[in-house]
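Okay, so here's the structure we're looking at.
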Amino acid sequence: MTDATGRLLVFDHVDAPSAGTQVPAGGIKDAEPPDVAVVRELVEESGVSDVRLVRKLGETWYMADEGNVPAGFEEQVQHAFHLQLLSPTRDEHWEWDECSDGNVPLQRFAFRWVGLDDAERLLWPIQAMWLHPLRLSMALL
């Protein structure tokens, strides 16, 4: 997700710094369209809901290393979307408890906005690979 100034929303795991800096992402529920899942996951993981879906950037097949994801989820099809923030977030930095479908916090995330050049250095390659299509999408706004 980008804001009006072209910055990207990223987060770090408060209790697991070795997880590295990431962009919000997550799973798709049974029969849930990917474009619906991306907005639901953003809300669950960040609390941000005032967004619009600009476009799908693409999708890729990915095989995660064993132990990095729950067993059975190693093989993934990842969908990448450009979401745009419609109104500024209250804070530049904030923490959020991801609860998914319940009220019990599963993980705590520390969010912040970064420029795309910084994101290139911060993100894991599987997420950084979408920065070029994101730049193209932003140029069409």
Side-chain angles (χ1 to χ4, degrees), residues 1-89 91-141:
M1 176 179 63
T2 59
D3 70 0
T5 65
R7 297 177 302 171
L8 184 68
L9 182 66
V10 300
F11 71 89
D12 293 290
H13 290 256
V14 172
D15 298 321
S18 63
T21 300
Q22 301 174 38
V23 295
I28 298 174
K29 296 179 179 182
D30 288 340
E32 183 179 38
D35 61 327
V36 172
V38 68
V39 174
R40 176 187 51 76
E41 284 289 341
L42 177 69
V43 173
E44 287 177 2
E45 291 188 359
S46 71
V48 176
S49 60
D50 193 16
V51 299
R52 77 177 180 99
L53 188 137
V54 177
R55 67 183 45 85
K56 185 170 184 173
L57 301 176
E59 61 186 71
T60 187
W61 175 83
Y62 176 70
M63 182 61 96
D65 294 332
E66 281 188 43
N68 286 348
V69 296
F73 289 95
E74 293 86 4
E75 187 173 355
Q76 304 173 4
V77 173
Q78 297 181 339
H79 304 264
F81 291 89
H82 177 194
L83 300 177
Q84 184 180 44
L85 184 66
L86 294 176
S87 58
T89 54
D91 299 309
E92 288 289 309
H93 301 84
W94 71 95
E95 291 190 5
W96 185 262
D97 289 323
E98 186 221 351
C99 296
S100 290
D101 292 328
N103 295 321
V104 177
L106 303 174
Q107 306 176 79
R108 187 151 186 87
F109 298 138
F111 284 91
R112 68 187 186 282
W113 295 98
V114 299
L116 296 186
D117 290 340
D118 290 330
E120 194 105 34
R121 291 185 299 277
L122 293 169
L123 295 174
W124 292 100
I126 193 67
Q127 291 187 339
M129 67 185 251
W130 296 108
L131 292 174
H132 179 68
L134 177 61
R135 284 183 170 100
L136 294 174
S137 178
M138 292 169 64
L140 296 172
L141 291 177

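Values below: all heavy atoms of this structure, side chains included; hydrogens, waters and symmetry mates excluded.
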Handout entry: Min side-chain heavy-atom separation Leu9-Leu42 under 4.5 Å
Key = yes
Handout entry: Validation row, ring centre Phe109 to ring centre His13 under 6.0 Å
Key = yes
Handout entry: Euclidean distance, Arg121 CZ relative to Leu116 CG, rounded to 0.5 Å
Key = 11.0 Å
Problem - Spatial distance of atom CD (Glu95) from atom OG (Ser46) [nearest 0.5 Å] - result: 13.5 Å
Exercise for the section: Classify the side-chain pair Trp113/Thr5 by whether it contains a donor and acceptor separated by less than 3.5 Å. Expected result: no
Handout entry: Minimal non-hydrogen separation, Trp61 against Glu75, with atom names
Key = NE1-OE2, 2.9 Å
Completion exercise
Of all heavy-atom pairs linking Tyr62 and Gln78, the shortest is CD2-NE2, 3.5 Å
Problem - Heavy-atom closest pair, residues Gln76 and Ala64 - result: NE2-CB, 4.3 Å
Handout entry: Within-4.5 Å side-chain heavy-atom neighbours: Leu123 and Leu8
Key = yes
Problem - Point-to-point distance, once rounded to the nearest 0.5 Å, from CE of Met1 to CZ of Phe111 - result: 8.0 Å
Practice task
Please lay out, stage by stage, how Leu57 and Arg55 fare under the test side-chain contact (heavy atoms from CB on, under 4.5 Å).
Solution key: CA-CA 6 Å; Leu57 301 176; Arg55 67 183 45 85; 4.3 Å; yes
Exercise for the section: Run the numbers on Arg112 and Thr21 for side-chain contact (heavy atoms from CB on, under 4.5 Å), then give the verdict. Expected result: CA-CA 10 Å; Arg112 68 187 186 282; Thr21 300; 3.6 Å; yes
Exercise for the section: Write down the atom of Phe81, the atom of Leu53, and the distance for their closest heavy-atom approach. Expected result: CD2-CD1, 3.6 Å
Handout entry: Reported CG-to-CG distance for the pair Asp3 and Leu86, which is rounded to 0.5 angstrom
Key = 11.5 Å
Problem - Distance-minimising heavy-atom pair for Gln22 and Gln127 - result: CA-OE1, 3.2 Å
